Asks: 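Submitted below is the structure of interest, expressed as structure tokens.
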Amino acid sequence: QVTSFQGVAVRSLSTSSPHDHPEHGRLVYKGNLAKAVLGVKFFSYSTSIFNLFMMPYIMLKSGIGVESLLVQAAFYGLIGVFTFVTPITLHILTKGYVIRLYYKDDMDTYTAITYNAILAEKATVFHQKDVKIPDITKMFTTFYAKTKSMLVNPTLFPNPQDYNHLMGYDKSSFFKFEELEE
């Protein structure tokens with residue numbers, strides 16, 4: 001592998017793929033909405049913070065502080081709903097969106113990278129045996145890793161066998177011959 005660094009050729013002696021992560025393993029999935037999810041959450045958080053800082057100024061200039069207590073409560077309640085409920089709802093809907101999924105062959109473990117509430121990446125490690133497929137199709141859930149819901153797009157797996165192994169579809173048929181004999 002040869003890369004250029006300011007006109008000087010630099011040779012890397014690494015034998016690993018650029019999609020390998022030393023701690024998590026081989027990259028098997030990359031979500032295409034990762035930047036969009038991060039952007040929407042950041043925009044929502046920033047507008048909420050802007051609202052919190054601008055509310056005292058707006059109250060002072062609009063004269064609503066002079067109105068009755070009931071009008072003030074209604075106004076603060078409406079602003080509070082938009083300030084706090086929107087970011088919380090967005091977080092609940094997108095917390096299971098997998099932005100990257102790594103697989104370690106030797107340990108048969110997956111590491112799912114998602115965004116947490118403060119927009120930092122969070123790693124969730126689980127075994128293939130911990131994967132549960134919901135009985136009823138859910139809107140924001142493809143599978144459960146232990147008890148955490150995860151959302152992936154099956155068509156974005158470069159190797160379909162990786163998706164089949166993740167979901168347990170590569171195992172033998174659902175009926176075991178020993179059970180049929182009984």
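If you're wondering where the values come from, they're calculated on a predicted model, not measured in any experiment.
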Asks: Asp135: which residues meet the salt bridge (charged side-chain N to carboxylate O under 4.0 Å, His left out) condition with it, sequence neighbours left out?
Replies: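 Salt bridge (charged side-chain N to carboxylate O under 4.0 Å, His left out) list for Asp135, sorted by chain: empty.
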Asks: Check for a donor-acceptor pair, side chain of Thr47 on one end and backbone N or O of Ser44 on the other, with a separation under 3.5 Å.
Replies: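 Here the side-chain-to-backbone pair exists.
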Asks: Hey, could you give me the CG/CZ distance between Leu27 and Arg100, rounded to the nearest 0.5 Å?
Replies: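 Here the rounded value is 7.5 Å.
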Asks: Can you see which heavy atom on Phe157 is nearest to which on Val28, and at what distance?
Replies: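 Looking at all heavy atoms of both residues, the shortest contact is CD2-O, 3.3 Å.
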Asks: Give the cluster check for Val125 versus Ile99: same hydrophobic cluster or not, with ILVMFWY residues linked at side-chain heavy-atom distances below 4.5 Å.
Replies: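 Shared cluster, no.
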Asks: Side-chain contact test, heavy atoms from C-beta onward, threshold under 4.5 Å: evaluate it for Thr142 versus Met150 and give yes or no.
Replies: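 No. Closest side-chain heavy atoms not under 4.5 Å.
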Asks: Within the 4.5 Å heavy-atom criterion, are Asp162 and Arg26 side-chain neighbours or not?
Replies: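 Of all side-chain heavy-atom pairs linking Arg26 with Asp162, at least one is under 4.5 Å.
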Asks: Share the residues that join Val40 in a hydrophobic cluster, the rule being Ile, Leu, Val, Met, Phe, Trp or Tyr side chains under 4.5 Å apart at the heavy-atom level.
Replies: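 Members alongside Val40: Leu90.
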Asks: Could you tell me whether the side chain of Glu121 reaches within less than 4.5 Å of the side chain of Tyr115, counting heavy atoms only?
Replies: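 Side chain of Tyr115 against side chain of Glu121, heavy atoms only: contact under 4.5 Å found.
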Asks: Work out which heavy atom in Phe126 is nearest to a heavy atom in Ala112; give both atom names and the distance.
Replies: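 Of all heavy-atom pairs spanning Phe126 and Ala112, the closest is CE2-CB, 3.9 Å.
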Asks: Does Ile88 reach the side chain of Ile92, with side-chain heavy atoms less than 4.5 Å apart?
Replies: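 The answer is yes; the side chains approach within 4.5 Å.
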Asks: Hey, could you give me the OG1/CD1 distance between Thr141 and Ile133, rounded to the nearest 0.5 Å?
Replies: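 Rounded to the nearest 0.5 Å, the OG1-CD1 separation comes to 12.5 Å.
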Asks: Return the set of residues passing side-chain contact (heavy atoms from CB on, under 4.5 Å) with Ile79 (not counting sequence neighbours), or none when no residue passes.
Replies: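 Met55, Phe75, Thr83.
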Asks: Give me the other members of the hydrophobic cluster that Met107 sits in, counting Ile, Leu, Val, Met, Phe, Trp and Tyr linked by side-chain heavy atoms under 4.5 Å, directly or via other members.
Replies: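 When side chains under 4.5 Å apart are linked, Met107 ends up in no cluster with other residues.
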Asks: Are Lys41 and His91 linked by a side-chain donor-acceptor pair shorter than 3.5 Å?
Replies: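 Result is yes, a qualifying pair exists.
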Asks: Checking Lys95 now: which residues fulfil side chain to side chain donor-acceptor pair (under 3.5 Å) with it, not counting sequence neighbours?
Replies: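 Once residues adjacent in sequence are excluded, Lys95 has no partner under the side chain to side chain donor-acceptor pair (under 3.5 Å) criterion.
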Asks: Dump the intermediate steps for side chain to side chain contact (heavy atoms under 4.5 Å, CB included) on Val131 and Lys146, then the final yes or no.
Replies: CA-CA 6 Å; Val131 172; Lys146 297 179 183 173; over 6 Å; no
Asks: Can you name the side-chain contact (heavy atoms from CB on, under 4.5 Å) partners of Ile118, sequence neighbours left out?
Replies: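 Result, side-chain contact (heavy atoms from CB on, under 4.5 Å) vs Ile118: Asn116, Ala120.
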Asks: For residues 27-38, which residue pairs qualify under side chain to side chain donor-acceptor pair (under 3.5 Å), counting only residues two or more places apart or in two chains?
Replies: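 Non-adjacent pairs meeting side chain to side chain donor-acceptor pair (under 3.5 Å): zero.
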Asks: His165: what forms a side chain to side chain donor-acceptor pair (under 3.5 Å) with it, not counting sequence neighbours?
Replies: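 Here the qualifying residues are Tyr103, Asp108, Asp170.
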Asks: Quick one: hydrophobic cluster around Phe82, which other residues, with the 4.5 Å side-chain cut-off, linked directly or via members?
Replies: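 In the cluster with Phe82 are Leu78.
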Asks: Below 4.5 Å, heavy atoms only, C-beta onward: do Tyr144 and Lys138 meet side chain to side chain?
Replies: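 With C-beta onward as the side chain, the pair touches.
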Asks: Are Leu166 and Phe143 side-chain neighbours, meaning at least one heavy-atom pair lies under 4.5 Å?
Replies: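 SC-SC contact between Leu166 and Phe143 confirmed.
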Asks: Hydrophobic clustering (ILVMFWY, side-chain heavy atoms < 4.5 Å, transitive) - are Tyr169 and Tyr110 grouped together?
Replies: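 Per the 4.5 Å side-chain linkage, Tyr110 and Tyr169 are co-clustered.
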Asks: List, by chain and number, the other hydrophobic cluster members for Val85, where Ile, Leu, Val, Met, Phe, Trp and Tyr join if side-chain heavy atoms come within less than 4.5 Å, directly or indirectly.
Replies: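 Val81, listed by chain and number.
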Asks: Do Val98 and Met139 share a hydrophobic cluster (ILVMFWY, side-chain heavy atoms under 4.5 Å, transitive)?
Replies: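 Yes, Val98 connects to Met139 through the hydrophobic network.
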Asks: By side chain to side chain donor-acceptor pair (under 3.5 Å), which residues pair with Asn164, not counting sequence neighbours?
Replies: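 Side chain to side chain donor-acceptor pair (under 3.5 Å) check on Asn164 returns nothing, list empty.
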Asks: Going only through I, L, V, M, F, W and Y residues with side-chain contacts under 4.5 Å, is there a path from Leu119 to Val37?
Replies: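 They do share one cluster, since a chain of ILVMFWY contacts under 4.5 Å joins Leu119 to Val37.
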Asks: Using the test side chain to side chain donor-acceptor pair (under 3.5 Å), find all partners of Lys132 that sit at least two apart in sequence or belong to another chain.
Replies: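 Lys132: no side chain to side chain donor-acceptor pair (under 3.5 Å) contacts found.
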Asks: For Ala34 and Tyr97, work out which heavy atoms get closest and say how close.
Replies: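 Between these two residues, the closest heavy atoms are N-CE2, 3.7 Å.
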Asks: Determine whether Leu38 and Ile49 fall in the same hydrophobic cluster, where Ile, Leu, Val, Met, Phe, Trp and Tyr are linked whenever their side-chain heavy atoms lie under 4.5 Å apart.
Replies: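 No; tracing contacts between hydrophobic side chains, which count when under 4.5 Å, never links both residues.
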Asks: Do side-chain atoms of Lys148 reach the backbone of Thr124 as a donor and acceptor pair under 3.5 angstrom?
Replies: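 Checking the backbone N and O of Thr124 against the side chain of Lys148, no donor-acceptor pair under 3.5 Å is found.
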Asks: Could you walk me through whether Tyr102 and Thr109 pass the side chain to side chain contact (heavy atoms under 4.5 Å, CB included) test, one step at a time?
Replies: CA-CA 8 Å; Tyr102 295 95; Thr109 59; over 6 Å; no
